[in-house]
Amino acid sequence: MYLYFSLRWINLRYHLFLLLALFTHVQSYATHIVGGEVYYRHISGNRYQITMAMYIDCYNGNPDAISQDVDADFGVFDASTGVLLNTFTLTRSSPTRIVDKNYECVKPPSQACNDRYIYTKSVTLPNNSNGLIIAYQRCCRNIIIDNLTDPEGTGATYWTLIPPPSKTGFNSNPVFKNYPPNFLCTDAPLTFDHSATDVDGDSLVYEFYHPFTGASRDSPKPTIPSTPPFNRVVWKNPYNTNFIIDGNPQLSISRKSGEIQITPNKVGSYVVGVRVLEYRNGELIGSTMRDFQFNVYKCEFDIISRYFIPNSQFTVDGLFFCDDTVKFNDQSYKAIEYFWNFGDLTTLSDTSTMINPTYVYPSDGDYKVTLKVKNNICEDEFEQVVKIRENISIDLGPDKIFCELDQIGFIAKHQYDDATKTIWTDGTIGQNRLIQDTGTFICSAYFGDCQATDSIYVFLDPVDFSPLRDSLFCDSVNTILQVKSSDAIKIQWDTGPSDTLAQLKVNKVGSYMVFMRNENCSAMDTVMLYKLNPLDIGDSVFYCNEFTHTLDAKERLFGEYLWNTGETTPQIVVTKKGRYSVIVKEKQCVQYDTFNVRNKTINLDLGPNTHFCDSIFKKLLIPNKDLTSIQWNTGSQDSVLIVTQAGTYSVLLTDTLGCQKSDSVEYTLTYSPSIDLGKDTSICVNTPISIGVPDYFVKYFWNEKEGNHMLEVADSGFYKLRIIDEYGCEAEDILEVKIDENALPNYLYIPNAFRPNGNGIADRFPYTKTIRQPEFHLLVFNRWGQKLFDSKDMSDGPQMWDGTYNNIMSEEAVYAYLITYKACNGRKKVEKGTFHLFR
């Protein structure tokens, strides 16, 4: 008994846990959301009105969960790269209850309750050359959905693409006219207008699409959606994009009108994606996608109008039937009275009140058949298009004859666009077929079970002939042109109406054209007859001095050229005297010509322009050979000109053949600069000085090493400065610098330790060398203030301390010093401090 109670308690706790988890899940996830779509409307510039319609289950939806979706967070992405560009948030308005029934005489199911919330805002979007994707994501869908795998773990992405204005201009996407159907009923035909309007007037095409998932259980309402491309929902077997809902007939949509038709035959909930594609100038630029949960119920009707035609095939555009006599089978529910209208516009007698009537149609065509039924409670109407295709035929047009193989390439098509299937003998599917080959092409078009077939034959029939050959004649023209053709039935030369034979005798150069024709095609050929032009590269020429001369053998159609220079072009350029010849070959003809170039050169070169420093002396010499005249601009006519002044000098020479040549040269003059480094000087030890000159010149050389205009000197020696000015003129000076060994610097370096070990390095304090300056005075004290060393007491000995006191080496310790001396600036200086003696 105790064990039984315990097991029941454990089982009860387990179910309570599941209920709590389910309640928490409802509050966290979006199981109250049953659909949505996103719109955008261009306002101006980069400003858009963004709108999202969200559909909420107001019967099963938890109020707390519904309240969580007051705001919707959107992401803006680059449509090509998926990079996040911006985010924005939309806030919803008050809901609108969807009350449309879409059925006559039906009692709406009590659980069929949907509200429509509108989220909208004007936003400024980035100007992006790839276009933009705006997206919102929410998880999760209802657990009751029948056509998805794991619906409670499957979210939704509501998104749209805004094309780049640079390619399409500014755009607004289509807007669906009607709310989605609030509910569907089993065994009741539904025709629903799912069309849209577009403010831009673009062409619209409708289709079902594979919906998108988004968000997750762990993050059911992300502030930033995941990066596109987005994932698709996973269909539950056997459902797919072509089989979304159980029905007979199945769910279908008209690509042209957007009209949806279905007769569901199974209760359930199904996710459906309906998309309207937007085309502009034949190019797809965008779409609007509606993701919605279709709920199918077992409804209670007062009456239902419905009929069926045996052996017909259902399509969204109507019922195809292959006979003119149609038997209509009533499938209505609770009907008492019937009224049929068979849609035959050729007569007024196309009606009936029978339950299952038969009607004979006068011809093939599309007829809208309406069945009105009623009982004591209500009346209902059902209509659909019946497509009679008893005598249907298709026409691909006449057979095609082409005269050239590259001319083949045309579209063969039949005239009906409502065929349920069109197939060509090579397996090509579709109403249109691009033909680029010869042969017989057969097309079969199926209108339900009705079939129509046609064929088209494509073949080539070019004029068969041997092309005429161009000819070159070396002297006179006398030849016969002959057309060689196996099927030319008509020949006409362009030389005159009477020239219609295959042979034509000619005795003139020129172009001759002949036209030929067989039974189906025509052809044309042209021949050129040339006569060799005389070769003449000109008469001999004479040039003075340098020259450039072009020899031209003239461009010829078949010309081959060989000059005695080795060149093979029609033209050559010569710059030297001599005899030039060319051989020109045109096919079988050969010509030869020569040309002589004479030349006399006067050699004259006065040299380069020159700059002189301080003075000018230049001798200009003219070789007096075969000259009749020498004329300087100074007035001199001598062969030698002595130049001593700055200026430009030119000369004109004339020889015995009358050739002339001139040249000129310019001489400039400036005076060399002067510099002064000052008087020789002495400097103190470790006290450098700067010597130099003002920065006026181009280059400075100190002791022949290039440097700056100033030099810092710390050592004794001779310092030579050579300068060069902008004209290349030079100047130099020398300064001697000496170091006064007893002239101490303004600041002495005092070491902080020394080791008197006899190695000659730092054996004395503060310096190894003796300072001879009379003003220099060194005192050393131990730590108790006892004086150990006084340089004034060492008149004959060194002035530096060797570390001893009374000839005994002092112990290793710290000692104090006091130094007085005369600095380089003439002032008395005092230095004091401590140092370490090491042993």
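What you see below is based on every heavy atom in this structure, not just the backbone, and it leaves out hydrogens, waters and symmetry mates. Residue numbers count from 1 along this sequence.
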Can you pull out every salt bridge (Lys or Arg N to Asp or Glu O under 4.0 Å) where at least one residue sits in [range]? Sequence neighbours excluded, please.
| range | result |
| --- | --- |
| residues 567-590 | R556-E586 |
| residues 508-534 | none |
| residues 405-431 | K256-D417, K387-D418, R389-D418, D426-R433 |

Side-chain contact, heavy-atom cut-off 4.5 Å: V541 with F595?
yes
For the residue pair Y48 and F170, categorise the inter-ring angle as parallel (less than 30°), tilted (30 to 60°) or perpendicular (more than 60°).
tilted
For the residue pair Y727 and H611, does the interplanar ring angle fall in the parallel (under 30°), tilted (30 to 60°) or perpendicular (over 60°) class?
parallel
For the atom pair [atom1] ([X]) and [atom2] ([Y]), what is the distance rounded to the nearest 0.5 Å?
| X | Y | atom1 | atom2 | answer |
| --- | --- | --- | --- | --- |
| D626 | L657 | CG | CG | 8.0 Å |
| I537 | D593 | CD1 | CG | 4.5 Å |
| N432 | T422 | CG | OG1 | 9.0 Å |
| I392 | Y446 | CD1 | OH | 14.0 Å |
| N46 | N127 | CG | CG | 4.5 Å |

Mind checking side chain to side chain donor-acceptor pair (under 3.5 Å) for D725 and listing every partner two or more places apart, or none if nothing turns up?
none
Side chain to side chain donor-acceptor pair (under 3.5 Å) against D198, all qualifying residues, sequence neighbours excluded:
none
Using only atom types and a distance under 3.5 Å, with no angle test, would you say the side chain of [X] pairs donor to acceptor with the backbone of [Y]?
| X | Y | value |
| --- | --- | --- |
| T610 | P608 | yes |
| W563 | T569 | yes |
| E404 | I408 | no |
| D454 | L396 | yes |
| W424 | G430 | yes |
| N609 | E666 | yes |
| S629 | T654 | no |
| D487 | N518 | no |
| Y561 | K554 | yes |
| N596 | S540 | no |

Which atom names give the shortest non-hydrogen contact between [X] and [Y], and what distance separates them?
| X | Y | value |
| --- | --- | --- |
| S254 | D317 | OG-OD1, 3.5 Å |
| L501 | I491 | O-CG2, 3.6 Å |
| I602 | N545 | N-OD1, 2.9 Å |
| T526 | D470 | O-OD1, 4.3 Å |
| V199 | S172 | CG2-CB, 3.6 Å |

Are K661 and E546 close enough, and set up right, to give a salt bridge (Lys or Arg N to Asp or Glu O under 4.0 Å), and what steps lead you there?
CA-CA 10 Å; K661 192 168 187 179; E546 297 81 5; 3.4 Å; yes
Residues forming a ring pair (Phe, Tyr, Trp, His ring centres under 6.0 Å) with H414, sequence neighbours excluded:
none
Going by distance alone, is a donor N or O of one side chain under 3.5 Å from an acceptor N or O of the other, for D614 and S672?
yes
S444 and T453 side chains, donor-acceptor separation under 3.5 Å:
yes
